[in-house]
K.L.:
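Quick one: structure below, then a few questions.
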Amino acid sequence: MMVEFAPLNTPLARCLQTAAVLQWVLSFLLLVQVCIGIMVMLVLYNYWFLYIPYLVWFYYDWRTPEQGGRRWNWVQSWPVWKYFKEYFPICLVKTQDLDPGHNYIFGFHPHGIFVPGVFGNFCTKYSDFKKLFPGFTSYLHVAKIWFCFPFFREYLMSNGPVSVSKESVSHVLSKDGGGNVSIIVLGGAKEALEAHPGTFTLCIRQRKGFVKIALTHGASLVPVFSFGENDLYKQINNPKGSWLRTIQDAIYDSMGVALPLIYARGIFQHYFGIMPYRKLIYTVVGRPIPVQQTLNPTSEQIEELHQTYLEELKKLFNEHKGKYGIPEHETLVFK
């Protein structure tokens, strides 16, 4: 099931859509540095009456990203997110109803470059999530490091994301009454180095922590595949063993940061720039995998459920790939 919509294609609408995506891309590339720069300037120019209260608040508020965050409906309702969603556009597809009396883990694939599909579908009020899954609240889990930057953390939390730490996921899944969904981009930043158009390589074989948490809390696992996510940017060829990939892997291993060399289109031309291509993104939510609560799961139980998840993910991809222009011979590659 998919909620149909027709994005406006007037010149003004396209300009607004481009501006919305540009600010989103720049928030990844520059906003952290700007926020750090503001804090440094406040300290250097001795605006103690501003930075000392904030640092006290920062210390006091440190654990909020692991305790459900602090979303702000006003921010999630900004019109900019409507145009952001229409730029590609982004569509959410449901394959089966979910029971709002239970909690779930959505495993989101692939990571792509900036994962606009996961943000557009689960962090804005213009998403179809509430229409397709009434009675549910979504929690997008992102890398903990993003909440270490002053000011930026407040902006990030206001959109809904929370930490991807074990404590944060457990907090969401421990909520009574059900109706809570933890969304985890399971491939992580490392998978961005595999994000080439027309490829479907997922870094998932060694990612088993989510399975253990699901067993511990009895939360059902739901594979989610976002068709079109890898087609938004081109990436400089970086096969395993190349000098570029060796450097990228070394940076990731030492800092936990992936640095793909990407390009797409510009604001006023389609040949080169940091703007993503206008490609349809269809985020398909698969069938839930029931999980029996096991407080102390064994490695065999974790491995068995992990294998079941991989099989369901591959089945989801194969069932829907033909609808979204992917040749029948293409298949998922698990690394």
Side-chain angles (χ1 to χ4, degrees), residues 2-3 5 7-8 13 16-17 19-28 31-32 34-35 54 57-58 60-92 94 98 100-106 108 114-144 146-147 149-165 168-169 171-185 224 226 281 283 285:
M2 176 177 66
V3 176
F5 75 98
L8 293 174
L16 292 172
Q17 292 161 10
V21 172
L22 179 62
Q23 68 82 28
W24 183 76
V25 171
L26 291 178
S27 72
F28 273 95
L31 190 55
V32 169
V34 170
C35 290
Y54 179 78
W57 164 256
F58 190 92
Y60 170 80
D61 196 54
W62 179 254
R63 291 186 55 79
T64 297
E66 297 183 343
Q67 297 173 340
R70 186 173 51 250
R71 69 185 64 203
W72 195 0
N73 287 336
W74 176 66
V75 175
Q76 292 183 309
S77 300
W78 283 352
V80 67
W81 306 130
K82 172 180 178 291
Y83 294 109
F84 169 82
K85 182 171 179 278
E86 291 179 350
Y87 174 90
F88 301 96
I90 298 170
C91 306
L92 187 64
K94 180 179 72 172
L98 300 181
H102 291 88
N103 293 326
Y104 296 83
I105 294 179
F106 281 13
F108 187 96
F114 292 130
V115 279
V118 77
F119 181 85
N121 282 312
F122 302 112
C123 291
T124 80
K125 294 299 182 183
Y126 295 97
S127 165
D128 297 322
F129 178 77
K130 287 290 187 181
K131 298 177 185 176
L132 296 176
F133 301 100
F136 283 93
T137 301
S138 59
Y139 295 84
L140 173 60
H141 297 270
V142 302
K144 188 175 181 179
W146 292 112
F147 300 100
F149 302 112
F151 306 123
F152 179 81
R153 69 191 297 274
E154 321 303 336
Y155 170 72
L156 184 61
M157 276 195 289
S158 68
N159 279 295
V162 293
S163 171
V164 77
S165 67
S168 177
V169 179
H171 177 85
V172 172
L173 299 180
S174 298
K175 289 176 176 287
D176 294 331
N180 301 289
V181 179
S182 281
I183 298 113
I184 307 174
V185 185
V224 178
S226 196
I281 298 174
T283 302
V285 180

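The figures that follow rest on heavy atoms only: side chains count, while hydrogens, waters and symmetry mates do not.
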K.L.:
Are the side chains of S158 and W74 in touch, meaning some heavy atoms are under 4.5 Å apart?
P.N.:
no
K.L.:
Which pair of heavy atoms, one from M157 and one from P65, lies closest together, and at what distance?
P.N.:
SD-CG, 3.8 Å
K.L.:
Taking all heavy atoms of P134 and all of P100, pick out the closest pair and write down the distance.
P.N.:
O-CB, 4.3 Å
K.L.:
Roughly how far apart are I183 CD1 and T283 OG1, rounded to 0.5 Å?
P.N.:
11.0 Å
K.L.:
Please indicate whether H102 has more than 12 foreign heavy atoms, meaning atoms of other residues, nucleotides or ligands, lying under 6.0 Å from its NE2.
P.N.:
no
K.L.:
Do you know the tightest heavy-atom contact between G120 and I90?
P.N.:
CA-CD1, 4.1 Å
K.L.:
Roughly how far, to the nearest 0.5 Å, is the CD atom of E86 from the CD atom of Q17?
P.N.:
5.5 Å
K.L.:
Using 0.5 Å steps for rounding, measure from the CG atom of N121 to the OH atom of Y126.
P.N.:
15.5 Å
K.L.:
Work out which heavy atom in H171 is nearest to a heavy atom in E66; give both atom names and the distance.
P.N.:
CB-O, 3.6 Å
K.L.:
With a 4.5 Å cut-off on side-chain heavy atoms, are K125 and W81 touching?
P.N.:
no
K.L.:
With a 4.5 Å cut-off on side-chain heavy atoms, are R70 and D61 touching?
P.N.:
yes
K.L.:
Checking the side chain of S138 only, and the main-chain atoms of F122 only, is there a donor and an acceptor separated by less than 3.5 Å?
P.N.:
yes
K.L.:
List the steps and the verdict of side chain to side chain contact (heavy atoms under 4.5 Å, CB included) for F151 and L31.
P.N.:
CA-CA 10 Å; F151 306 123; L31 190 55; over 6 Å; no
K.L.:
Between L16, L22, V21, I281, which is the residue that forms a side chain to side chain contact (heavy atoms under 4.5 Å, CB included) with Y87?
P.N.:
V21
K.L.:
Is V32 close to W146 at the side-chain level, that is, under 4.5 Å between some pair of heavy atoms?
P.N.:
yes
K.L.:
Find the distance between CG (L173) and CD1 (I105) and round it off to the nearest 0.5 Å.
P.N.:
5.0 Å
K.L.:
To the nearest 0.5 Å, what is the distance between OG on S165 and CZ on R63?
P.N.:
8.0 Å
K.L.:
Please give me the minimum heavy-atom distance between S168 and S163, naming the atom from each residue.
P.N.:
OG-O, 2.6 Å
K.L.:
Quick one: are F133 and V285 in side-chain contact, heavy atoms under 4.5 Å?
P.N.:
yes
K.L.:
Check for a donor-acceptor pair, side chain of K130 on one end and backbone N or O of F136 on the other, with a separation under 3.5 Å.
P.N.:
yes
K.L.:
Can you establish whether the number of heavy atoms outside D176 located under 6.0 Å from its atom CG is more than 12?
P.N.:
no
K.L.:
Can you tell me how the ring of F149 sits relative to the ring of F152, calling it parallel under 30°, perpendicular over 60° and tilted otherwise?
P.N.:
perpendicular
K.L.:
For Y54, give me all partners under side-chain hydrogen bond (donor to acceptor under 3.5 Å, both in side chains), at least two apart in sequence or on another chain.
P.N.:
E154
K.L.:
Given F119, which partner from the list F114, F28, F84, F108 fulfils the ring pair (Phe, Tyr, Trp, His ring centres under 6.0 Å) test?
P.N.:
F84
K.L.:
So, using side-chain contact (heavy atoms from CB on, under 4.5 Å) as the criterion, who are the partners of V172 when residues are at least two apart?
P.N.:
Y139, H141, N180, S182
K.L.:
Starting at OG1 of T137, measure out to NZ of K175 and round the result to the nearest 0.5 Å.
P.N.:
8.0 Å
K.L.:
Would you say the side chain of L98 lies within less than 4.5 Å of the side chain of F106, judging by non-hydrogen atoms?
P.N.:
yes
K.L.:
Which atoms form the tightest heavy-atom contact between K85 and S127, and what is the distance?
P.N.:
CE-CA, 4.0 Å
